[in-house]
> 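Could you have a look at this structure, given as structure tokens, before my questions?
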Amino acid sequence: MQLRVIGLAFALALGLGNAALAAEKQFELTISGHRFHPETLEVPAGVKVKLIVHNKDNNYEEFHSDDLHREKVFAPKQSGVVIIGPLQAGSYGFMGEFHPDTAQGRVIAK
Amino acid sequence: MLGTAIIIFREVLEASLIIGLILAATRGVSGRMRWIGIGIGGGILGAIVLALVADKITSLADGMGQELMNASILFIAVVLLSWHLLWMKKHAIQISRDMRRIGSEVSSGSKEPIILAVIVGMAILREGSEAVIFLYGLALAGSTAADLTLGTVLGILGGVSAGTILYLGIARVPTGRLFQVSGWLILLLTAGMASQGASFLVQADVLPPLGYTLWDTSWLLSEQSLLGKILHILVGYVDRPMGIQVLFYAATVAIIALIMNMMGRAEARHRTEAATSH
């Protein structure tokens, strides 16, 4: 009986833990026409933020940001997650390394 | 075509600087040219394979496969470079023991050249696979083979020039100081790679960043500039580092330097004992 209570408490804790993770702020970022949409992303400072990146182009793109310390290659029509933060307030640039002329963006943390 | 050349140059720069540094630091290791050549060939082949399976790797590990793969490549290089440093230290100690040895040729049969080959391969693997993906993407978009080849060749030439300049620069260091200078350069290279590996583990949500932007020296030297990029590759310079990057960097330098120092002092004690027992 005691074992069951402990097991249930454990499962609840895990569930709550997952709920906390799921409460992470999520933002969608689309790559299309070798540009980012939106080009400026406002996110809350001080918390982890999940960027869900959708590469809608028929070609590869690399999400690259020295400011955010992130780099990730996306295949054509592939989606993926880039987790950033907790960020101090400020502006952080990112770009599409394979199309740097058009694919530029910033994350503004407030 | 110029755009292609520039992007290929950036991807090749990291590998060529590392190869230039390693070549300069390992003169006297027999068989290294052959093995480093094998490392380069293996690295290029591996980069092509990685590029082919890139999207499959990405979806592994809850979508963090790419990050974990990049971190692994970097940490493998860190371990091998550390091994190399300790091996060089041991070798230097042995040379100074045997005053009669004329050259500093390392006898063949040592594992060292193979280790160098793998380090070189790892250096090419990461950015190399990105370069292959980039070229493939250009081909998909309709670039001609001629355009791609020309751009690639120009970019590679640029990268190789940078590596050659580094090699020649280090080669001018007087032989007495060469071991120390190249040793420090490789130590900082290793620490920089450890800090990069840590960055990928943060991206994979495995490690905490411990604060973004511990300092901001982008006004002084931006990582986007050529010099900034070169320093980023060679000594791990980051203009806005995360706390964990600084931690990994400092820890790598401290641990390796400590072990090398202990080796030196054990040798000094050994000699004092040998001298006083006569």
Side-chain angles (χ1 to χ4, degrees), chain A residues 18 21-22 24 26 31 33-34 43 45-55 57-104 107 109, chain B residues 3-4 6-7 10-11 50-51 53-59 62-67 70 126-127 129-142 195-196 198-200 202-206 208-214 216 218 222-224 228-229 232 238-242 244-245:
Chain A
N18 277 333
L21 272 175
E24 228 166 34
Q26 296 188 356
I31 300 169
H34 306 313
V43 305
V47 289
K48 266 201 218 171
V49 166
K50 209 185 229 187
L51 297 182
I52 307 186
V53 184
H54 304 284
N55 182 11
D57 278 338
N58 283 320
N59 216 319
Y60 291 83
E61 187 58 90
E62 177 181 346
F63 175 91
H64 186 114
S65 168
D66 284 330
D67 294 344
L68 293 166
H69 303 288
R70 298 288 181 266
E71 58 178 88
K72 192 157 182 163
V73 173
F74 292 91
K77 307 294 190 201
Q78 191 181 31
S79 296
V81 168
V82 179
I83 300 178
I84 60 177
L87 297 171
Q88 281 148 277
S91 165
Y92 302 79
F94 58 85
M95 64 163 167
E97 191 159 5
F98 295 164
H99 302 92
D101 298 332
T102 50
Q104 295 280 339
V107 167
Chain B
T4 306
I6 290 176
I7 294 185
R10 278 212 312 257
E11 305 286 4
L50 263 193
V53 299
D55 48 354
K56 298 198 185 45
I57 291 181
T58 307
S59 35
D62 240 351
M64 294 296 159
Q66 228 184 93
E67 288 80 350
N70 282 324
R126 240 177 27 87
E127 301 282 316
S129 61
E130 276 180 26
V132 172
I133 290 176
F134 169 67
L135 289 173
Y136 179 61
L138 281 183
L140 267 185
S195 123
Q196 250 185 308
S199 175
F200 276 111
V202 173
Q203 188 172 329
D205 211 16
V206 167
L210 298 184
Y212 276 69
T213 319
L214 217 66
D216 185 346
S218 53
S222 164
E223 232 179 292
Q224 326 281 25
K229 195 144 180 48
H232 170 71
V238 178
D239 58 15
R240 289 156 84 169
M242 294 185 285
I244 195 122
Q245 288 183 288

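Naming convention: chains lettered A, B, ... in sequence-line order (proteins, then strands); numbering from 1 in each chain.
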> Does B:F200 have B:R126 sitting over its ring (NZ/CZ under 6.0 Å from centre, angle to axis within 45°)?
no

> Please state whether the side chain, the backbone, both or neither of B:V202 comes within less than 4.5 Å of a heavy atom of chain A.
both

> Name the region of A:D101, side chain, backbone, both or neither, that has any atom closer than 4.5 Å to a heavy atom of chain B.
neither

> Examine whether an atom of A:E61 lies under 4.5 Å from a heavy atom of chain B, and if so say whether it belongs to the side chain, the backbone or both; otherwise answer neither.
neither

> With a 4.5 angstrom heavy-atom cut-off, could you sort out which part of B:E67 is near chain A: side chain, backbone, both or neither?
side chain

> Shorter than 4.5 Å, heavy atoms on both sides: which option in A:I83, A:D66, A:V81, A:I84 has the most such pairs with chain B?
A:D66

> Does any heavy atom of chain A fall under 4.5 Å from the side chain of B:P241, the backbone, both, or neither of them?
backbone

> Would you please classify the geometry between the B:Y212 ring and the A:H69 ring as parallel, tilted or perpendicular, with 30° and 60° separating the classes?
tilted

> Step by step, work out the side chain to side chain donor-acceptor pair (under 3.5 Å) result for A:S65 and A:D67.
CA-CA 5 Å; A:S65 168; A:D67 294 344; 5.3 Å; no

> Of all the heavy-atom pairs spanning A:P86 and B:P209, show the shortest one and how long it is.
CD-CG, 3.9 Å

> Check whether any side-chain N or O of B:S218 sits under 3.5 Å from a backbone N or O of B:D239 as a donor-acceptor pair, and report yes or no.
no

> Under 3.5 Å, is there a donor-acceptor pair between the side chain of B:D55 and the main chain of B:S59?
no

> Tell me which of these, A:A75, A:S79, A:G85, has more heavy-atom pairs under 4.5 Å with chain B than the rest.
A:G85

> Determine whether A:L68 and A:L87 make a side-chain contact, defined as any pair of heavy atoms from C-beta on separated by less than 4.5 Å.
yes

> Side chain, backbone, both or neither: which part of B:A141 has an atom under 4.5 Å from a heavy atom of chain A?
both

> Hey, does the side chain of B:Q245 reach the backbone of B:S199 with a donor-acceptor pair shorter than 3.5 angstrom?
no

> Under 4.5 Å heavy-atom distance to chain A, tell me which part of B:Q203 shows up: side chain, backbone, both or neither.
both

> Among B:Q196, B:M64, B:H232, single out the residue with the greatest number of heavy-atom pairs under 4.5 Å to chain A.
B:M64

> At a heavy-atom separation under 4.5 Å, does A:F98 approach chain B through its side chain, its backbone, both, or neither?
both

